[in-house]
Each structure stands twice: as structure tokens, then as C-alpha cells.
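To keep things clear, I will list the structure first and then write my remarks on it.
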Number of protein chains: 4
Amino acid sequence: MAQTSTPEEPARTRPNPRRRSERARKAILTAAGELLGEVGYNRLTMEAIAARAKVGKQTIYRWWPAKSAVVLDVFAELTGGSAGEPLPDTGDLPADLRTVMHGIVDELADPLMDRINRAVIAEMQADPELAEHLTRTLLRPNLDAFGERLRAARDAGQIDPGLDPAITVELLLAPIQNRWMMRTGALSHAYVDTLIDTVMRALRPRD
Amino acid sequence: MAQTSTPEEPARTRPNPRRRSERARKAILTAAGELLGEVGYNRLTMEAIAARAKVGKQTIYRWWPAKSAVVLDVFAELTGGSAGEPLPDTGDLPADLRTVMHGIVDELADPLMDRINRAVIAEMQADPELAEHLTRTLLRPNLDAFGERLRAARDAGQIDPGLDPAITVELLLAPIQNRWMMRTGALSHAYVDTLIDTVMRALRPRD
Amino acid sequence: MAQTSTPEEPARTRPNPRRRSERARKAILTAAGELLGEVGYNRLTMEAIAARAKVGKQTIYRWWPAKSAVVLDVFAELTGGSAGEPLPDTGDLPADLRTVMHGIVDELADPLMDRINRAVIAEMQADPELAEHLTRTLLRPNLDAFGERLRAARDAGQIDPGLDPAITVELLLAPIQNRWMMRTGALSHAYVDTLIDTVMRALRPRD
Amino acid sequence: MAQTSTPEEPARTRPNPRRRSERARKAILTAAGELLGEVGYNRLTMEAIAARAKVGKQTIYRWWPAKSAVVLDVFAELTGGSAGEPLPDTGDLPADLRTVMHGIVDELADPLMDRINRAVIAEMQADPELAEHLTRTLLRPNLDAFGERLRAARDAGQIDPGLDPAITVELLLAPIQNRWMMRTGALSHAYVDTLIDTVMRALRPRD
DNA sequence: CATTAACCGAGACGGTACGTCTTGTCTTCAG
DNA sequence: CTGAAGACAAGACGTACCGTCTCGGTTAATG
């Protein structure tokens, strides 16, 4: 699911995915998720996952190349569903942004999601290929959904058409992710509201 | 400098810092920096640092608790000097911001700084104490320097006094850090200029 | 074979001996024997054995608790076969003793056997349990073989029945081992012959 | 005292023995003796000796080349005095032997002497130079003292003049040392008496 | 008696080996 | 004939000591 490797690589006698044991797959992801919550990413080991999942280590290595890939699938399992979902459009842009962005900070507040997100972020720093993959499959669709909503607002004459939509989305989302990552401040709903208000000032059409 | 540990811990016969070999300290940080550039953080090992620095492993462990602490000192050595330096103030806020923020993206463009920054960011995700320490000693002073420059502009009547200064700084810096971290776009000077222009729109005083 | 440990100890998830790699076992003992001959016991290291045997260190530690145990198995491999073999009985006691005891000094003259024997003797001084084990499995059977031959001679009326057989055996073997250990004199066949003659004087039946 | 090294070696600025601190010398030997009794030879370390003796490590290395040399001096301190002392001569050879040999087994029964003796024996196996040195300075004089007493007995016509005196001494002492080293039997006074009686049978003059 | 060289306690240093841990592959054996 | 169990080769981990090397602070022989 979250396979990082490019398909052109050596590929030593690939296993047949049709014979894959769904029971083992689930047990591995569950065990990995549990252990991630218990000991954190760094002290998570393949051996512990295998033991917890009652699975041979080979069964993990057969389907995932490394610890990071397993955790990535845990991550994908938890967040993949909602990737690229369009934003609500009630006609009231700030209100719609509030709805979605409150959801984002709520998700980041969940301890397990926090841990997994941090593990994935850390792994992305070390592995550009992984970063590229995740950006394309998960992050970009979400950014595009924001872009789409902003385009609608622009077409309705609510925001200045001369603005770069990419930057506008960044102004909304980067401060939140940044606060969360650097832990430089609380991620309250009030904060989100102030942020949205401030950004909206930059968006209003020039008179 | 980058000691993470709280002072309340066991503390088994601390070494005497006055007898510390400056030669060894430098050799270790240099070796760590070089290796970090060559193989990256994950494949950086204490053994390799010791070998490259012509130093006994114990000499590293005597002064640093872990690999991350060594890399942190490499980082501190490279960036620590400029922490909290006040921004230039020519009276032209956007121009001053451009000066400083061009410098930031230039720094991030340097391959070694890129690797070290990413390693530190990743480590901060796994170690909240470290995050807190770095935020306080390096990040916060820099954010405050931006805050100070914005206060001057506000006092000069150039920006709206009703804005939250913390959020304003975030609007300027978070998008850059975010692009760099998620690799979602190029970090050109032109991008920085557009970003500044957009944020400036949000700051202009209400009529 | 040369396991010293008592079976009552903690026993952390013992490895399964049926899955043991015979290839690795042989390679380890061979490497240990070679290195013992090359650098001696004190400078023999587990790391060197592992490297020479192309074996992971863990594979050694899985099956042997310490360097001494490995060397012990090298020793057992070389000498274990002949333990407790009965002495020849041609009816001529001195001649039979000469045959066997010449063999003993010849064995001690072999450089590898000399090194291993000395290592084992030294280890026995430091580890009484090991001493007890070796005495029971290797030394005692050999002493008993001598005792048996002497009993036959006594039954044939060739030696005084009032003598303590344990002491008689010691009179024959201790001087040889002592000379070898303390290096107080040459271990020639002539020496052995004179020794036997002298001891025989003590054994002749009282008139 | 127990210096093994030959005087021809490099000799890097020898320390001046006249300025040697007697306090340090005694403290080191005492500490070494105590630790030897507590943890045994193998787990005895120079660092522990230095710490226990409140002495810098260099002060040990200045006067002794290695751990074995220190222990050797502990040994020499305990046994050196009596080396080469002539045996009593009351005219009754067996009685005189009993006196001396009872003393020997009593000494071996003392726990500290046992440990040090075993450590020295073990070290002699690994270090032939040391063995040679000890044999010459301590062992040989003692053997010669026995030889001298036997010569007196021979001159008095009490034992056969045709016997090799070296072997005769070995017949008396080797079984004791052997029993002690291999722990093959108890070292009682009764055992010594029987041993002496048996050997005396071999010594009586031929009719 | 003052000087001064050397020894002293202390402990950091460059190293080596230890015994453990984890990785990713290979082998065995039970279902 | 699959897959759990786990032994394997490899190699980094963090620790313990080794024997050498500074660093002040005494201490004892000489001038």
C-alpha cells in the first residue's frame, strides 16, 4: 500500500500477492500500531512486531522492506481514506475552513495519531523517495482540495484573483503543522480561528 | 551546549570538564559533520565517528549521551552563533524581511545544512525534551527577533496594531519551513518575495 | 560436552540444539584451535574466533558461555576419545607403564597440545567447578585405568598388596605432570624410565 | 622483587627507586591481596587496585609491568622469606620430612595462599619467562633444601646411594602439588604420612 | 634553606574486546 | 508445501579495562 520502492528495482522472486495471508497482514499492522503507541518509533523493532503478531519475521520482510514501511502502512490505514476529499462549500469560506481545520488539529491531538505522524515526518526527512511518494498520494490531494475551495471563493468574487493559490493554502496550513512539529504553541480551536481571520485579511479583494 | 538530560538524573561520577581535550572535541564534531554529509543520519554510527576522529569511543560517550546529541552539537556549532540576532531595520519592512528570509532559504539550500537540519527535526519528533530545549535556545530567539522587527513596524504605523504578532511571524516562516520539510515546492527567492507580499497584505492597517 | 554450568541456573530461552549448525560448530572449534596455537590463550579473543570462523559472535555465545568453554571443547575434541582406555597388560608391569607413559610425554611435547593443556590447567585453577567436571570426566577415568593395571599386578603377586593404589598412581604420574607444569626438567623417555624403576622399588612385595 | 623483564630492554627513563613511596608500595600490595581474595585473579583489575590503594594508576605501572607482576609480589611477600631454608635434621629422615611437608599442606589449606598460589601457577602456564624466574628464585632453592637433606641421609647410609636425588624429591612433593592442583583428593596429614612411608620404601638401601 | 626534579593522586585519553541487540536472510519442522 | 519459529552472518551498541598521557600538588635530594 505504502510501498516506497520503485518497481524497476532488482525484484528477487516477488511473492505472489494472491496467496498473501490477510490474517498475518492485519496482525502485523495491529501489532505495529500497538507497539508504536507503547514504545515509540525508535524502540520499535521488527522482532517485537513479529512476536506480538505471532508471525515469523520472514512474513514481515516478505511484504515490507523495512520498519518504516510497516509504520507507513499503519499510517495509511488510519488516514488514507480521507485523502483528497473535497472541502465543504457552504458559501461561507471562513466557516468552511474552520470546519476542516478544526478537524485537522483534533486529529493531531490524538496521542496515537501524534506518534505516527511524527514517525512519518521523521522518516520523510531521512528518505526523500518516501517523502515524494507520500506527498503525491496523501498530501497533494489534500492541498488540492483546499485549492479547489479557494478557487470557488475566487470565482464568487470573495477573494482577490491575483493571489497565488499555492501560497494561500500554505498560509493556512503551514502555521498549524509548524506549531505542532516544533511544539511552539498550543493548537487550540481559538488559534485556528485567529489564523483564519488573519489569512482572510490577505485574501480580500483589492478595492 | 546541547545537553538534553535533566540535572536530577543519577549522574555517575561526572567527568571533569576542565580536563577535557579540545582537540578531541573538535575532531569528533568535525568527523560527525563529515560523515553526516557522506552517509546521512541513519547510517551515521558512533564507531565511525570515533574511527574518523581518531578517538576512543569512550571519549565520545564521556561527553555526549547519544548520537543525536553529537549531531546536535554539530548543528549548534554551525547555527548557534546567529541565534537571536536582531533583524535589520532600514524602515522598509518588506525589504528587511527579504534580506533575512533570502538568507534562510540560502542556508537550507546548502547540502550539509539540509542534512543536519533534517536530522535535528527528525530527532525533535522523537524527543520532546530535546524539542523543548532547542525551541527555547535557538528557535524562540529567532522568532522573537522577527517579533521585535514587526513591533517596530507597528510602532511606525506601518502595520495593523490589532494583529497577533506570533501568528504574523508564523505566516512568514512556517510556509518556508513547510515547503522545505515536505518538499512540496521550490524554495526560490522569488517564492519568498511573493510570500512576503502576500503576508504584507494581511498586515496593512485597516482603513 | 564441556558445559560447566549447573542445570539449575536461570536459563534464558535456551537455543534448540537440534537446529544447531554443524558447519558453524566445526568452524568455531577449528578457528579457536588455530588461533590458540598462533597467539596463545590470553591473546585469543572471541572476536578473532568469530572472524576466522566466518561466524557471528552471537553464534559463539549462543552455544558457549565463555572463551574458556570454547577452548575446553577444542581440548575435549582432541583428547576426549582416549579417556579411560585400559592400559595394556603383557604381564610385564614396568614395560606396560613405559609404553603408556612414553605416550603421555610425547603428547605433552606437541606444541598445540602443550598450549591447550596449559590453558586448561590454568582455567582449572580459576574455576573449581570446571576442575571438578574435567577431573570426573577425563582425569579420573585415566587414573582408574592405571589403578586397574596395578590391581592386576597385585593379584599376580608382583607388587605389595598393602599399598594404597591411589598413591601409587600418583607416584607414577604426578612427577611427570609436575615437571611439565613447573618446567623443572626435561621430559625425556629416559627420565620416564628412571622414574618407573624408582617407583617399582617401592612396590616390590616385602620379603 | 618479582621483576620478570630482562634488563636489556628499552628502559624508558627508569624511575628512581630511592624516591619510591613506601606508603604507596604497601597500599598497592595490600589492596591487591585483598581484592585477590575477594574477586579472584581474573576479575582483579589494575583500576580496582589503584582505587582501593588510593593511588594513581601510573604509580602502579611505574613499578610493575602488569597485573601478574603485582600479584607475584604479593606472593613473594607472603612466601619469599622461607625460600631455600634448610630442612631440619634430627637424624630421623621420615620424621623430618613429616615436619616440613605437614607445613606445606597447612599453607596450601589457607584460603588466601590457595588463591594466590593458583593465580601464580596459572600465570606460569601462560608466561614461560615468569615460570623460569620463579622456578629459579623460589622453587629450586626449596627443592635443593630437600636434596640436601636427602644427601645427608644417604651419607648416613639410610638410603640407597644409587638413586637420582631429583626424582626422589619429586616423588615426595609432586603428588602433593598434584592433588592440590587437580583437586583429586584431600590433603590431610595422614595422606602425607602414607606418602612418605611409601616413598621411603623406594629409598631403603638394597640389601 | 631554597630550589627543583621526581614522584604522587587523579583521571582523560586512544584503544581493544567484551557480551548484547537488532537487522535481514536462511533453515528446519510441524500442521 | 506453507509459514511459525528461530538459527544464522553481520555489525553497532554502550561498557570495562588496558596502558599512556597530562595536570597540579607534595616531597625529598641537592646545591
Side-chain angles (χ1 to χ4, degrees), chain A residues 12 15-16 19-21 23-24 43-48 50-51 53-62 64-67, chain B residues 12-21 23-25 27 43-51 53-63 65-67, chain C residues 12-21 23-24 27 43-51 53-63 65-67, chain D residues 12-21 23-24 27 43-51 53-67:
Chain A
R12 51 175 67 229
N16 182 346
R19 321 193 85 184
R20 183 170 189 178
S21 156
R23 188 195 113 342
R43 283 183 305 187
L44 176 68
T45 68
M46 294 299 246
E47 307 228 307
K54 299 271 188 187
V55 139
K57 278 200 293 176
Q58 196 55 52
T59 303
I60 307 185
Y61 282 109
R62 207 180 341 262
W64 291 275
K67 179 174 76 163
Chain B
R12 50 175 67 234
T13 47
R14 293 273 185 74
N16 181 345
R18 293 195 308 171
R19 318 192 98 196
R20 182 170 189 179
S21 159
R23 192 194 85 30
R25 198 192 125 268
R43 282 184 305 188
L44 176 67
T45 68
M46 293 299 242
E47 305 227 309
I49 296 173
K54 300 269 191 184
V55 140
K57 277 199 288 177
Q58 196 58 55
T59 301
I60 307 185
Y61 285 108
R62 193 164 11 243
W63 303 109
K67 179 174 78 163
Chain C
R12 51 174 67 234
T13 48
R14 292 274 186 75
N16 182 347
R18 294 196 305 174
R19 322 192 83 191
R20 181 170 190 177
S21 159
R23 188 195 89 26
R43 283 184 305 188
L44 176 67
T45 68
M46 293 298 243
E47 305 225 308
I49 297 173
K54 299 270 190 186
V55 140
K57 279 198 290 176
Q58 197 59 57
T59 301
I60 307 185
Y61 284 108
R62 194 167 7 245
W63 303 109
K67 178 175 78 163
Chain D
R12 50 177 68 230
T13 49
R14 290 278 184 76
N16 181 347
R18 293 194 304 171
R19 320 195 75 185
R20 182 171 189 178
S21 159
R23 190 195 106 351
R43 282 183 308 187
L44 175 68
T45 68
M46 294 298 246
E47 306 228 309
I49 296 173
K54 299 271 190 185
V55 138
K57 278 199 291 176
Q58 193 62 244
T59 302
I60 307 185
Y61 284 109
R62 192 162 15 240
W63 304 108
W64 291 275
K67 179 174 78 163

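Lettering of chains follows the sequences in order, A, B, ..., and the numbering in each one begins at 1.
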Query - C/T59 side chain near F/dA9 phosphate (N/O to OP1/OP2, under 4.0 Å) - result: yes

Query raised in the report: For E/dG9, does either OP1 or OP2 sit under 4.0 Å from a side-chain N or O belonging to D/R23?
Result: yes

Query raised in the report: Taking OP1 and OP2 of F/dC8, is either one under 4.0 Å from a side-chain nitrogen or oxygen of C/W63?
Result: yes

Requested in this report: For C/R43, look at atom CZ and say whether over 12 heavy atoms of other residues, nucleotides or ligands are found less than 6.0 Å away.
Outcome: no

Requested in this report: Report the residue (C/Q58 or D/R43) whose heavy-atom-nearest nucleotide on DNA chain F is the more 5′ of the two.
Outcome: C/Q58

Query raised in the report: Looking at the side chain of A/E47, which of F/dA10, E/dC18, E/dT23 is the nearest nucleotide?
Result: E/dT23

Query - Rounded distance in Å - CZ (D/R20) to C1' (F/dT27) - result: 16 Å

Requested in this report: Could you state the atom-to-atom distance from CG of C/N16 to P of E/dC29 in whole Å?
Outcome: 8 Å

Query - Under 4.0 angstrom between B/R14 side-chain N/O and E/dG11 OP1 or OP2 - result: no

Query raised in the report: How do C/V55 and B/A66 order along DNA chain F: which one's closest nucleotide is nearer the 5' end?
Result: C/V55

Query raised in the report: Under 3.5 Å, is there an N or O donor on one side and an acceptor on the other linking the side chain of C/R19 and the base of F/dA5?
Result: yes

Report task. Could you check B/R25 against B/W63 for side-chain contact (heavy atoms from CB on, under 4.5 Å), going step by step and ending with a plain yes or no? Result -> CA-CA 9 Å; B/R25 198 192 125 268; B/W63 303 109; over 6 Å; no

Query raised in the report: Between E/dG19 atom C1' and C/I49 atom CD1, what is the distance in whole Å?
Result: 14 Å

Report task. Rounded to the nearest angstrom, tell me the gap between atom CE in B/M46 and atom C1' in E/dC21. Result -> 16 Å

Report task. Could you pull out the closest heavy-atom pair between A/G56 and A/A50, with the gap in Å? Result -> C-CB, 4.4 Å

Report summary line: Heavy-atom nearest pair, B/I60 first then B/M46, reads CG2-CE, 3.8 Å

Requested in this report: With DNA chain E as reference, determine whether C/K67 or B/G56 sits nearer its 5' end, using the nearest nucleotide of each.
Outcome: B/G56

Report task. Under 4.0 Å between any heavy atoms, over every strand shown, what does B/R62 touch: base, sugar-phosphate, or nothing? Just pick one. Result -> base

Report summary line: Rounded to whole Å, the CD1-P distance (D/I60 to F/dT20) equals 13 Å

**Report entry** Touch class at under 4.0 angstrom, heavy-atom based, for C/K57 against every strand present
**Finding:** base

Report task. In whole angstrom, give the distance that lies between atom CZ of B/R25 and atom C1' of E/dC13. Result -> 16 Å

Report task. Measure the distance from CG on B/L44 to P on F/dA12 and round it to the nearest whole Å. Result -> 11 Å

